Amino acid sequence: MTEVDKLTPPNFIRAIVRDDLKKNKNNGRVHTRFPPEPNGYLHVGHAKSICLNFGIAAENDGGLCNLRFDDTNPEKEDVEYTEAIMEDVHWLGFDWEDRLYYASDYFEQLYDYAVRLIKDGKAYVDSLGADEMREYRGTLTKPGRESPDRNRSIEDNLDLFARMRAGEFDEGRYVLRAKIDMASPNINMRDPVIYRIKKAHHHRTGDKWCIYPMYDYTHCISDALEGITHSICTLEFEDHRPLYDWCLDQLPVPCHPQQIEFARLNLNYTVMSKRKLNELVNEGHVSGWDDPRMPTITGMRRRGYTPAAVQDFCERIGVTKNDTVIDMSVLENSVREDLDKTTRRVMAVLRPLRVVINNYPENKTEELDAPYHPNRPEMGSRKVPFSRVIYIEQDDFMESPPKKFFRLSPGAEVRLRYAYFIRCEEMIKDKKTGAITELRCTYDPRTKGGNAPDGRKVKGTLHWVSANHALQTEVRLYDRLFRVPVPDSTAEWKSSINPESVKILKDACVEPDLARAQPEEHFQFERLGYFCVDRKDAVTGRPVFNRTVTLRDSWAKEGNKAK
RNA sequence: UGGGGGAUCGUCUAACGGUAGGACAGCGGACUCUGACUCCGCCAGUCCAGGUUCGAAUCCUGGUCCCCCAGCCA
């Protein structure tokens with residue numbers, strides 16, 4: 001296996017492309033497109049499609065991938081979304097170069113083709129109302145009936161269609177339909193509407209048009225006009241393929257792309273439909289499309305996921321026609337794997353417990369050397385201040401520890417990472433609540449740097465921050481958005497939102513160097529997880545950290561086993 | 001009860017008539033100045049029933065189950 005093969009595991013779409021190339025089907029061309037509708041933000045499911053389309057183009061010599069906005073429904077679409085989508089695709093690491101297109105660019109051509117269909121007797125203007133049309137359409141098991149308008153003369157159709165364009169009619173008065181087969185077992189072929197009247201302002205064409213082409217009619221022709229070879233879409237369009245092919249067969253288009261369908265991505269513990277994501281945003285269950293708990297690309301970015309991690313994830317999950325739900329742990333694995341090798345380690349204490357080292361001089365401060373990455377010395381090191389009063393994590397002390405607890409407890413000795421061994425001598429408790437408010441410890445000066453000259457070992461190593469030098473910051477801990485793996489399956493899906501999907505800690509302490517951390521900079525807080533500086537809320541000198549993902553924690557697992 | 005798709009370890013995914021392999025998860029161990037990383041090991045699968053064949057996840061027949069479709073949405 002070559003390196004390239006490892007990076008690009010086989011899938012059935014790649015196989016089709018490879019075979020087409022072998023047969024020289026499109027003169028050796030590979031040209032794909034990513035065709036979002038600008039009516040919402042991109043999510044990780046779109047990322048799968050983006051990676052597939054741009055990936056297939058990139059891995060074939062001369063392969064190209066267009067970005068095309070499928071903007072045929074002005075009522076739902078907006079420039080806000082086109083801009084966000086472009087930013088997300090770029091962030092993910094893909095580039096359409098000069099091939100940015102809009103279906104609305106083709107409105108004139110699409111109109112001309114529609115006229116052509118009418119002239120060929122393959123389309124007609126219908127006056128059936130929406131309800132009537134539904135009734136005429138038939139059902140899944142019963143064939144439809146032909147509209148009384150079906151055999152309107154070509155001249156009348158031409159006249160009516162021109163007047164539809166001219167704005168003479170109200171919305172809903174007429175539609176243009178393809179004349180195919182009202183008895184087709186495939187409902188999409190029962191004379192589908194291809195143009196409707198919408199007196200809506202379009203975000204690009206303004207008020208130029210008051211008739212807008214439908215998806216099925218637009219998409220195939222747009223593909224053909226752009227010279228697309230492989231038109232990759234999701235499974236729900238499989239039934240539409242005969243219509244895709246029908247339209248192209250009727251018209252003198254430059255080429256006939258092949259539509260190939262794959263299964264959309266489902267991830268557990270989240271939702272993926274635009275409608276549901278919209279509801280979460282609009283009803284305030286999350287702070288916005290870029291809330292770090294959202295499966296949107298912008299949300300994942302704010303959470304601290306990296307483009308490399310998302311790409312790796314999309315590669316790992318594969319491409320098939322199977323209905324599947326991917327386990328969140330696969331995504332988290334990709335994130336950890338990328339962050340582990342690229343991220344500097346620093347120390348932060350999320351829930352501080354004050355520790356006074358009795359035998360350490362009052363006014364002394366030492367600068368201890370701490371490498372940024374245990375396995376990558378080339379990443380360098382920084383100095384961390386140490387003094388008499390430090391903070392450790394509340395979780396790292398237990399008054400009566402269970403077996404196999406390697407951390408601090410009365411009389412126990414542990415190592416402070418890159419500093420000294422300390423032993424717990426005394427606990428100070430709040431007189432009223434009994435809560436432990438402070439620990440009194442002693443340190444062994446001979447263990448400076450973290451090793452004992454007498455060779456004695458400690459099982460535990462704790463992270464810490466010097467109290468006088470600490471930078472207090474806000475840290476946000478994110479967890480899965482839903483409590484159940486597949487919220488979509490319940491009628492009341494929003495009732496399974498995880499109330500603990502975010503915890504905001506205001507009193508976290510980080511080492512002073514982090515005052516310089518820049519928005520979107522990633523760190524590993526040792527023993528805790530990967531964090532990144534929030535790109536919205538950070539103020540210079542006072543970063544706010546989002547937890548991207550925890551470290552694997554076999555101690556926590558131990559605890560779960562006991563339950 | 002029409003049409004279109006799909007069924008392989010717990011979850012994804014390979015194998016295209018010739019040893020059912022990989023990833024994630026789980027479990028166990030080694031290592032460790034992160035209970036991290038890394039490494040090693042284990043667990044575990046061809047929807048069912050027939051048939052063809054020396055040999056079937058793969059081919060044939062018949063079932064079963066799941067998903068999608070009746071927008072002037074995409």
Side-chain angles (χ1 to χ4, degrees), chain A residues 9-11 15 35-37 39 70-73 75-77 126 128-130 133-135 137-144 171-177 184-190 192-198 211-212 214-216 218-219 233-242 261 263 268 274 316-334 336-337 340-341 345 347 370 373-375 404-407 414-419 421 447 449-451 457-463 485 524-529 550-558 561:
Chain A
N11 65 51
E37 183 188 14
N39 70 342
D70 225 326
D71 55 348
T72 58
N73 188 350
E75 286 166 352
K76 294 186 175 175
E77 297 151 8
D126 197 353
L128 246 32
M133 192 173 301
R134 183 160 41 246
E135 197 186 313
R137 187 153 35 225
T139 68
L140 294 179
T141 49
K142 281 198 297 263
E171 289 187 14
R173 179 72 186 81
Y174 289 111
V175 293
L176 184 70
R177 291 230 254 172
S184 172
N186 181 347
I187 290 183
N188 295 301
M189 301 299 272
R190 319 238 261 233
V193 171
I194 58 177
Y195 265 92
R196 76 289 215 189
I197 299 169
K198 266 186 199 293
I211 56 172
Y212 291 92
M214 298 287 288
Y215 165 84
D216 288 301
T218 307
H219 201 91
C233 64
T234 44
L235 243 33
E236 68 270 26
F237 293 105
E238 218 157 11
D239 284 345
H240 296 240
R241 194 180 343 126
E261 311 84 10
N268 61 13
K274 274 186 189 171
R316 280 174 194 246
I317 57 177
V319 179
T320 66
K321 302 182 79 151
N322 302 338
D323 243 2
T324 58
V325 181
I326 308 288
D327 198 291
M328 189 63 91
S329 68
V330 181
L331 216 203
E332 291 178 344
N333 179 261
S334 291
R336 289 195 184 103
E337 201 172 288
D340 172 63
K341 58 182 190 235
R345 274 68 169 159
M347 290 194 285
H373 196 298
N375 308 324
K404 291 199 274 188
F405 184 81
F406 303 152
R407 284 112 97 141
V414 297
R415 170 168 41 233
L416 295 176
R417 182 89 156 143
Y418 301 129
F421 286 11
T447 58
N451 287 301
K457 302 285 183 194
V458 288
K459 273 297 242 183
T461 299
L462 308 188
H463 59 278
Q524 184 197 96
F525 290 173
E526 293 217 30
R527 302 210 302 135
L528 296 171
T550 61
L551 255 29
R552 276 199 193 82
D553 188 350
S554 51
W555 171 244
K557 265 182 203 168
E558 197 70 34
K561 268 190 271 179

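Throughout, protein chains are lettered first and strands after them, A, B, ... in sequence-line order, and every chain is numbered starting at 1. Just so it is clear, the structure is predicted and the values come from calculations on it, not from any experiment.
- Qualifying salt bridge (Lys or Arg N to Asp or Glu O under 4.0 Å) partners for A/Asp126, counting only residues two or more places apart in sequence or in other chains: A/Arg177.
- Nucleotides B/G4 and B/A70 are separated by 14 Å at their C1' atoms, to the nearest Å.
- Within the nucleic acid shown, A/Glu526 comes within 4.0 Å of at least one base atom, counting heavy atoms only.
- Listed by chain and number, the residues in a side chain to side chain contact (heavy atoms under 4.5 Å, CB included) with A/Thr550 are A/Arg336, A/Arg547 (sequence neighbours excluded).
- Using a 4.0 Å cut-off between a side-chain N of Lys or Arg and a carboxylate O of Asp or Glu, A/Glu526 and A/Arg417 qualify as a salt bridge.
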| query | Which parts of nucleotides 18-25 of chain B does protein reach within less than 4.0 Å, heavy atoms only, written one letter per nucleotide 5' to 3' as B for base, S for sugar-phosphate only and - for none? | reply | -----SSS
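- Taking the C1' atoms as reference points, B/C31 lies 11 Å from B/C40, given to the whole Å.
- Within 4.0 Å (heavy atoms only), A/Ile317 reaches sugar-phosphate atoms of the nucleic acid but no base atom.
- Shown here are the side chain to side chain donor-acceptor pair (under 3.5 Å) partners of A/Asn73, two or more places apart in sequence or in another chain: there are none.
- The side chain to side chain donor-acceptor pair (under 3.5 Å) test applied to A/Glu236 returns A/Thr234, A/Arg264, not counting sequence neighbours.
- Looking at A/Arg407, its side chain comes within 3.5 Å of the base of B/G35 through a donor and an acceptor atom.
- A distance of about 11 Å separates the P atoms of B/A7 and B/C59, rounded to the whole Å.
- Applying the salt bridge (Lys or Arg N to Asp or Glu O under 4.0 Å) rule to A/Glu75 yields the partners A/Lys198; only residues at least two apart in sequence or on another chain are considered.
- Looking at residues two or more places apart in sequence or on another chain, you find no ring-ring contact (aromatic ring centres under 6.0 Å, His included) involving A/His463.
- Between B/C16 and B/G21, the distance separating the two C1' atoms is 15 Å to the nearest Å.
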| When every nucleotide of nucleotides 64-74 of chain B is labelled 5' to 3' by its protein contacts under 4.0 Å (heavy atoms), B for base, S for sugar-phosphate only, - for none, what sequence of letters results? | ---SBBBSBSB
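- Each of A/Gly318 and A/Ala419 was assigned the nucleotide of RNA chain B with the nearest heavy atom; the assignment lying further toward the 5' end belongs to A/Gly318.
- Within the nucleic acid shown, A/Phe405 comes within 4.0 Å of at least one base atom, counting heavy atoms only.
- Between A/His219 and A/Tyr215, the two ring planes are tilted [angle within 30° to 60°].
- Scanning for salt bridge (Lys or Arg N to Asp or Glu O under 4.0 Å) contacts around A/Arg527 gives A/Asp396, with sequence neighbours left out.
- Here A/Gln524 lies in heavy-atom contact (under 4.0 Å) with a base.
- In this structure, A/Thr461 does not reach the B/U32 phosphate: none of its side-chain N or O atoms is under 4.0 Å from OP1 or OP2.
- Separation of the P atoms belonging to B/G45 and B/C9 is 9 Å when rounded to the nearest angstrom.
- A distance of about 14 Å separates the C1' atoms of B/U13 and B/A25, rounded to the whole Å.
- If you measure from atom CD of A/Glu238 to atom C1' of B/G2, you get 17 Å, rounded to the nearest angstrom.
- A salt bridge links A/Asp340 and A/Arg345; the closest N-O separation between the charged side-chain nitrogens and carboxylate oxygens is under 4.0 Å.
- Distances shown here put a side-chain N or O of A/Asn322 below 4.0 Å from the OP1 or OP2 atom of B/U13.
- Residue contacts shown for A/Pro374 include a base, since a base heavy atom lies under 4.0 Å away.
- The 5' end of RNA chain B is approached more closely, in terms of each residue's nearest nucleotide, by A/Arg241 than by the other of A/Val325 and A/Arg241.
- Partners of A/Arg134 according to the salt bridge (Lys or Arg N to Asp or Glu O under 4.0 Å) rule, which considers only residues two or more places apart in sequence or in another chain, are A/Asp131.
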| How does RNA chain B look in dot-bracket notation if pairs are Watson-Crick or G-U with both distances under 3.5 Å, crossing ones as [ ], other-strand ones as |? | .((((((..((((....[..)))).(((((.......)))))....(((((..]....))))))))))).....
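- Counting heavy atoms from C-beta outward, A/Tyr195 and A/Tyr174 have side chains that stay 4.5 Å or more apart.
- If you take atom C1' in B/A20 and the same atom in B/A57, they sit 8 Å apart, rounded to whole Å.
- One C1' atom belongs to B/A56, the other to B/A49, and the distance between them is 15 Å to the nearest Å.
- At the heavy-atom level, A/Ser184 lies nowhere under 4.0 Å from the strands shown.
- Regarding A/Asn11, its CG atom lies at a distance of 17 Å from the P atom of B/C12, rounded to whole Å.
- The distance between atom CD of A/Glu332 and atom P of B/C12, rounded to the nearest whole Å, is 17 Å.
- In this structure, the CZ atom of A/Phe406 is 12 Å from the P atom of B/U34, given to the nearest Å.
- A/Thr447 places a side-chain N or O within donor-acceptor distance of the main-chain N or O of A/Phe421, the cut-off being under 3.5 Å.
- Every residue was checked against the side chain to side chain donor-acceptor pair (under 3.5 Å) condition with A/Thr72, not counting sequence neighbours, and none meets it.
- Between B/G6, B/G2, B/A36, one nucleotide has an atom nearer to the side chain of A/Lys321 than all others, and that is B/G6.
- Here A/Asp340 lies in heavy-atom contact (under 4.0 Å) with sugar-phosphate atoms only.
- Anti is the conformation of B/G22, whose glycosidic angle sits further than 90° from 0.
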